[in-house]
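Below you'll find the structure, written out as C-alpha cells, and then a few comments.
Side-chain atoms are counted along with the backbone in the values below, which use heavy atoms only and exclude waters and symmetry mates. Treat the numbers as computed from the prediction; the structure is a model and nothing was measured. In what follows, chains are A, B, ... by sequence order, proteins preceding strands, each numbered from 1.
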Amino acid sequence: MAYDIELIRHSLAHVMAAAVKKLHPDVKFAGGPAIENGFYYDFDTEYRFSEEDFEKIEKEMRDLIKSNGRFEQRNVSLDEAKEIFAAQPYKMEWLNEYDAAGEDLSIYTFRDFVDLCRGPHVESSKDLPRDAFKIRSVAGAYWKGDAKNKMLQRIYVDAFASKEELENFLKMQEEAAARDNRKLGKDMDLFHFEPEYAPGAVFWHDKGYKMYRKLIEYVRARQEMAGYQEISTPAVMDRCLWERSGHWAKYGEHNYSGKTQDGKVFCIKPMSCPGGMLVFGHGLRSYKDLPLYMAEFGKVHRYEAAGGLSGLMRVREFTQDDAHIFCTEEQLEEEVVKILRFIKDIYGKFGFDKITMKLATRKESEFRIGSDEIWDKAEGALKHALDANGIEYEIAEGDAAFYGPKIDNYLRDSMGRVWQCGTVQLDMNLPERFDLSYVGEDGEKHRPIMLHRAMLGSIERFMGVLLESTGGNLPLWLSPEPVVVTPISQKHAEYAMEVVGALRAAGVNARADLRDEKVNYKIRELSLAKTPIIAVVGEKEMAEKNVTLRRLGVEQQESMPLADFVEMMQNDVKMPL
RNA sequence: GCCGGUUUAGCUCAGCUGGUAGAGCGGCUGAUUUGUAAUCAGUAGGUCGUUGGUUCAAGUCCGACAACCGGCACCA
C-alpha cells in the first residue's frame with residue numbers, strides 16, 4: 001500500500017533511532033519529526049557522531065528495514081510509561097507534560113526501540129524504501145529549541161519514497177549550491193568580505209554596487225509614485241535616544257557604541273525608526289497630513305551573533321528600505337492592505353510570485369510592552385486586514401516584536417531556506433515614547449497609529465535572494481553591466497568603442513572587452529560572469545554598422561543595426577514601474 | 001553565543017604515517033590577430049588563518065583565539 005511521504009519519513013526516523021540504539025546502546029532519545037525533504041532525530045550521548053558514522057547508521061537502517069519489523073502502537077498508563085522510559089529523561093519530560101495536559105500516552109514499538117509517539121506509522125518496515133534516504137549532516141540543536149537547555153546531536157536525513165526522487169533531490173541541491181550568493185558574488189565580481197577587518201560587512205565592488213543602487217532607485221521611484229516622503233537621519237546619535245525608544249534595554253548588547261572624549265556614549269544606529277519619530281515630532285501635524293508616508297534608506301549596524309552571519313543573507317551592516325506610516329485608527333486597515341499589495345506588486349516585478357506571509361503574534365516576555373487589550377486590538381486589526389482581503393497567510397505565534405504584531409514576508413534561497421524580507425509592523429510603543437501627536441478635526445491632540453514598513457527589507461539580503469533565484473541571470477534593468485562589446489580582433493576595436501559610446505550616450509551601461517584574446521575565450525569568460533548580452537563586432541558588423549548579439553544561455557545569435565540595438569537596449573534597461 | 005566541520009598562491013584545490021611546499025586557472029612578458037564557452041610559450045607569486053606548545057625537526061601532532069561553512073539559538 002502507498003503511504004503518505006510524511007508517514008514514511010516519520011517511520012524512518014524511528015528506524016534510525018533503532019539503528020542508533022543498536023550501535024550506541026547508551027543513547028538518550030529526544031525526538032524525531034518528519035520535515036521538508038526528510039526527517040531528523042535528536043540524540044544525547046557522550047559519543048560524537050561524525051560523517052564516518054553515516055554509512056554505518058545507514059547500513060544498520062537498511063538491515064532493520066529488511067527485517068520486516070512491525071510498528072505497533074498501544075496506549076499505556078502513566079505508571080507503565082514511566083517504567084518503560086525510566087532510562088530516557090527526555091521521554092520522561094514529554095510524558096509528564098502530555099499527562100499533565102490530560103492526553104493519552106501512546107507508544108510505538110519498532111524492534112527493540114520504543115518511542116513515545118502519537119503516530120501514525122507504516123504497518124511494517126517492509127513498507128519503507130531501503131534506498132531512498134541518505135544522511136545529510138549532524139548538527140547541534142537545543143533540547144526543546146531553547147538555548148538555556150542542553151545541546152543535543154541532531155542527525156538530518158534526506159528521505160523520499162523512491163530512489164529516483166532522492167537522486168533528483170540531491171542533484172537539485174548540487175545545482176542550487178552553484179547559485180549560492182557568495183559564489184555568484186565572486187563569479188560576477190559583485191562584492192567580497194574581509195573577515196579579518198569587518199566580519200559580516202560587505203565590500204561592494206563596482207558591479208555589485210551598481211545593482212545595489214538600482215534596487216534602491218527602484219524602490220525610491222515606486223515610493224515617490226505612491227506619495228511617500230523621503231528623509232535621512234543621523235547615523236550616530238546619543239545612546240539616550242535608544243533608551244527613550246526602549247530598544248536599548250532589549251538590544252543594547254547588539255549595538256555598536258562607544259564613548260567620546262567627553263564621556264558621552266554614542267551609538268551607531270541599529271535602526272532608523274527613532275530618527276523618523278523625531279522628524280514626525282518636529283513641529284505640528286494635522287489630521288489633514290494623514291496618512292503620512294515617511295521613508296528612509298537607512299544604513300544600520302547590528303552586532304549580530306557570530307554564528308548567525310551568512311553571506312549577504314545575514315550581515316552586520318545593511319541598508320533597510322524603511323518607512324513609517326502615521327495614520328488614524330480608521331485608516332489603519334486600509335494602510336496595511338495597501339502596503340501588502342505594494343509589496344506583492346514589487347516582488348512580482350522581481351519574479352517572486354510565491355511569497356509566504358506570516359502574521360506574527362505576541363509572546364510573553366519581560367520586554368513586551370502594551371496591555372493585553374491593545375495587543376488584542378492590534379493583532380485583530382492585522383488579522384482583519386488579511387482576512388477581509390483574501391490574503392493567504394500563516395500564523396507565527398510568539399514571533400511578534402516586543403512593541404507590536406507584524407506581518408512578515410518570507411522568500412526562499414536556492415537551498416530552500418526561508419528569509420524574512422518585507423515586513424509590516426504595528427508599533428504601539430514609539431508614538432507613545434516620543435509623545436507623537438497630530439491635531440484632529442476637533443482641535444485636540446491625538447496620538448497617531450504608526451506602522452513600520454520595509455519593502456525589500458534589507459537590500460543586502462534581498463539581493464542575495466534575488467541572485468540565488470535568478471542564478472545571476474538578471475533581467476536587463478537590474479543588470480549592472482547589461483552589455484559587453486567584444487571585437488573579433490584589434491582591427492575592430494575602434495568600432496567596438498563606437499558601439500559602446502552609442503550605448504552610453506543612450507544611458508545604457510556598456511564596456512568593450514578589448515583584450516587580445518580569442519572570441520571563444522572572451523565569450524566563455526563573460527558568460528561565466530553572467531553578462532546578459534555579448535555584442536560581437538567584426539569585419540561584417542563594421543561594414544554594415546550593425547552588431548551580432550549573444551544572450552546569456554542562448555546559443556542562437558541575432559544581428560541587428562546598431563541604431564536598433566541601442567534603441568532596444570534603452571527600452572530594456574528601463575525600470576518596470 | 002552553542003554543536004560539528006573547515007582554514008595551504010588572487011581563485012579552485014593537492015600535500016600519506018612530522019624531514020622547512022605543489023597543480024590548474026588567473027596575473028605579468030612574448031608570440032599570435034583571432035567569428036560565438038579556455039591559442040601557445042616563458043615567468044613571477046605562499047612567514048601554510050593567528051598565536052602558544054611538543055620535537056633535533058611542524059603545513060602535518062597538541063592547546064588557545066579568530067574567521068568561514070552546515071545546523072541550533074537569536075533576528076529591533
Side-chain angles (χ1 to χ4, degrees), chain A residues 40 42 48-51 136-156 177 180 182-183 186-187 189 192-200 242 245-255 269-274 300 302-311 313-314 316 320 322 367 399-404 406 408 415 417 419-420 423 425 427 429-430 452 454 457-458 461 486-493 515-528 534-541 548-557:
Chain A
Y40 67 75
D42 286 346
R48 296 282 140 201
F49 293 109
S50 71
E51 275 186 43
R136 163 164 294 272
S137 62
V138 56
Y142 296 107
W143 165 238
K144 285 185 169 173
D146 190 333
K148 289 195 281 288
N149 293 338
K150 183 167 185 189
M151 180 157 270
L152 312 171
Q153 297 183 74
R154 174 171 297 178
I155 299 181
Y156 283 96
D180 186 286
R182 290 158 291 207
K183 183 175 183 329
K186 265 186 205 136
D187 293 349
D189 190 18
H192 84 279
F193 290 93
E194 292 281 348
E196 190 184 345
Y197 302 107
W242 285 277
S245 72
H247 290 101
W248 193 270
K250 187 166 161 61
Y251 299 108
E253 71 276 25
H254 293 292
N255 287 346
K269 74 176 176 186
M271 90 281 288
S272 301
C273 319
V300 298
R302 298 175 181 179
Y303 196 67
E304 303 285 8
L309 301 177
S310 179
M313 302 302 194
R314 190 85 183 270
R316 285 180 173 156
Q320 280 184 318
D322 208 359
F367 298 107
D399 270 1
F402 73 93
Y403 49 72
K406 53 181 184 160
D408 291 325
M415 300 302 285
R417 292 171 286 224
W419 298 95
Q420 191 208 113
T423 182
Q425 315 186 349
D427 192 324
N429 176 41
L430 290 182
H452 296 266
S458 136
R461 175 177 294 180
T486 303
I488 296 288
S489 83
Q490 301 297 345
K491 281 179 284 188
H492 321 108
R515 287 175 305 170
D516 185 11
E517 296 286 353
K518 288 188 148 187
V519 182
N520 274 343
Y521 176 85
K522 291 199 260 191
I523 298 267
R524 175 183 157 80
E525 226 198 23
L526 293 168
S527 299
L528 289 173
I534 301 170
V536 178
V537 296
E539 219 47 62
K540 194 164 58 87
E541 287 77 11
T548 299
L549 307 182
R550 185 193 169 107
R551 289 174 190 271
L552 183 57
V554 183
E555 272 183 64
Q556 182 74 41
Q557 302 163 38

Contacts under 3.5 angstrom, residues 548-555 of chain A side chains, donor-acceptor by atom type, not counting sequence neighbours:
unit_1: A:T548; atom_1: OG1; unit_2: A:E541; atom_2: OE2; d: 2.4
unit_1: A:T548; atom_1: OG1; unit_2: A:S559; atom_2: OG; d: 2.9
unit_1: A:R551; atom_1: NE; unit_2: A:E558; atom_2: OE2; d: 2.9

Requested in this report: Take atom CZ of A:R524 and atom C1' of B:U39, then tell me their distance rounded to the nearest Å.
Outcome: 14 Å
Report summary line: Closest to the side chain of A:Y156, out of B:C11, B:A37, B:G71, is B:G71
Query raised in the report: So which nucleotide from B:C2, B:U36, B:G70 ends up closest to the side chain of A:M151?
Result: B:C2
Report task. Please determine, for B:A73, whether a Watson-Crick or G-U wobble partner exists with both distances under 3.5 Å, and give it or none. Result -> none
**Report entry** Interatomic distance where CG belongs to A:N255 and C1' belongs to B:C74 [whole Å]
**Finding:** 14 Å
Requested in this report: Please work out if A:Q556 contacts a base, only the sugar-phosphate, or nothing of the nucleic acid, heavy-atom cut-off 4.0 Å.
Outcome: nothing
Query raised in the report: Expressed as a whole number of Å, how far does the C1' atom of B:U51 sit from that of B:A73?
Result: 30 Å
Query raised in the report: Which value, in whole Å, describes the distance between the P atoms of nucleotides B:U12 and B:G70?
Result: 15 Å
Report summary line: Of the candidates B:A76, B:C11, B:G4, the side chain of A:K186 sits closest to B:C11
**Report entry** Rounded distance in Å - CZ (A:F193) to P (B:C11)
**Finding:** 15 Å
Requested in this report: Could you tell me whether A:K540 contacts a base, only the sugar-phosphate backbone, or nothing, with contacts defined as non-hydrogen atoms closer than 4.0 Å?
Outcome: base
Query - P-based separation of B:C2 from B:A9 [nearest Å] - result: 28 Å
Report task. Compare the minimum distances between each of B:U33, B:U36, B:G70 and the side chain of A:R550, then state the nucleotide with the smallest one. Result -> B:U36
Requested in this report: With side-chain hydrogen bond (donor to acceptor under 3.5 Å, both in side chains) as the test, would you mind laying out the steps for A:E304 and A:H254 before giving the verdict?
Outcome: CA-CA 6 Å; A:E304 303 285 8; A:H254 293 292; 5.3 Å; no
Report summary line: Here the distance between atom C1' of B:U32 and atom NZ of A:K491, to the nearest Å, is 12 Å
Query - Flag, side chain of A:S458 to backbone of A:R461, donor-acceptor distance under 3.5 Å - result: yes
Requested in this report: Give a yes or no on whether A:E51 atom CD has more than 12 heavy-atom contacts from other residues, nucleotides or ligands under 6.0 Å away.
Outcome: no
Query raised in the report: Would you call A:D180-A:R182 a salt bridge at under 4.0 Å N-O?
Result: yes
Query - hbond_proxy A:Q557 side chain to B:G35 base (donor-acceptor, 3.5 Å cutoff) - result: no
Query raised in the report: A:A141 side chain: which of B:A76, B:G35, B:C72 is closest?
Result: B:C72
Report task. Round to the nearest Å and state the distance from A:D42 atom CG to B:C3 atom P. Result -> 16 Å
**Report entry** Nearest atoms (heavy-atom pairs only) where A:P270 meets A:R302
**Finding:** O-NE, 2.8 Å
Query - Check: A:Y142 side chain, B:G71 base, donor-acceptor under 3.5 Å - result: no
Report task. Rounded to whole angstrom, note down the P distance from B:G10 over to B:G45. Result -> 12 Å
Report task. Look at the side chain of A:R314 and the base of B:C74, then say whether one donor and one acceptor between them are separated by less than 3.5 Å. Result -> yes
Query raised in the report: When rounded to the nearest Å, what value does the distance between C1' atoms of B:C61 and B:U17 take?
Result: 12 Å
Query raised in the report: RNA chain B: A:R417 or A:R461, which has the more 5' nearest nucleotide?
Result: A:R417
Query raised in the report: Rounded to the nearest Å, what distance is computed from the CZ atom of residue A:R316 to the C1' atom of nucleotide B:C68?
Result: 12 Å
Requested in this report: State whether A:K250 places a side-chain N or O below 4.0 Å from either non-bridging phosphate oxygen (OP1 or OP2) of B:C75.
Outcome: yes
Query raised in the report: Between A:L152 and A:P195, who's closer to the 5' end of RNA chain B by nearest nucleotide?
Result: A:L152
Query - Over 12 non-hydrogen atoms of neighbours within 6.0 angstrom of CD in A:E194 - result: yes
Requested in this report: Ignoring the backbone of A:R302, work out which of B:A38, B:G71, B:C75 is nearest its side chain.
Outcome: B:C75
Report task. May I ask you to decide if A:S245's main-chain N or O and A:N429's side chain share a donor-acceptor pair within less than 3.5 Å? Result -> yes
Query raised in the report: Where the side chain of A:T548 is concerned, which of B:G70, B:G35, B:A76 is the nearest nucleotide?
Result: B:G35
Requested in this report: Could you work out the separation of B:G49 and B:U8 based on their P atoms and round it to a whole Å?
Outcome: 6 Å
Query raised in the report: C1' atom, B:G59 versus B:U55: distance in rounded Å?
Result: 16 Å
Requested in this report: Remember a base hit wins even if backbone is also touched, and classify A:Y403 as base, sugar-phosphate or nothing at under 4.0 Å, heavy atoms.
Outcome: sugar-phosphate
Requested in this report: Verify salt bridge (Lys or Arg N to Asp or Glu O under 4.0 Å) between A:K406 and A:D408, making sure each step is shown before the conclusion.
Outcome: CA-CA 6 Å; A:K406 53 181 184 160; A:D408 291 325; 3.2 Å; yes
Requested in this report: Return the value, rounded to whole Å, for the distance between atom NZ of A:K518 and atom P of B:A31.
Outcome: 17 Å
Query raised in the report: Rounding to the closest angstrom, what is the interatomic distance between B:U54 and B:G42 at atom P?
Result: 46 Å
Short heteroatom pairs, N/O only, protein and nucleotides 23-27 of chain B, under 3.5 Å:
unit_1: B:G26; atom_1: OP1; unit_2: A:Y521; atom_2: OH; d: 3.1

**Report entry** Which residues share a side-chain contact (heavy atoms from CB on, under 4.5 Å) with A:N520, sequence neighbours left out
**Finding:** none
Query raised in the report: How close or far is atom P of B:G1 from atom NZ of A:K148, stated in whole angstroms?
Result: 19 Å
Query raised in the report: Can you check whether A:K144 has a side-chain N or O nearer than 4.0 Å to OP1 or OP2 of B:A73?
Result: no
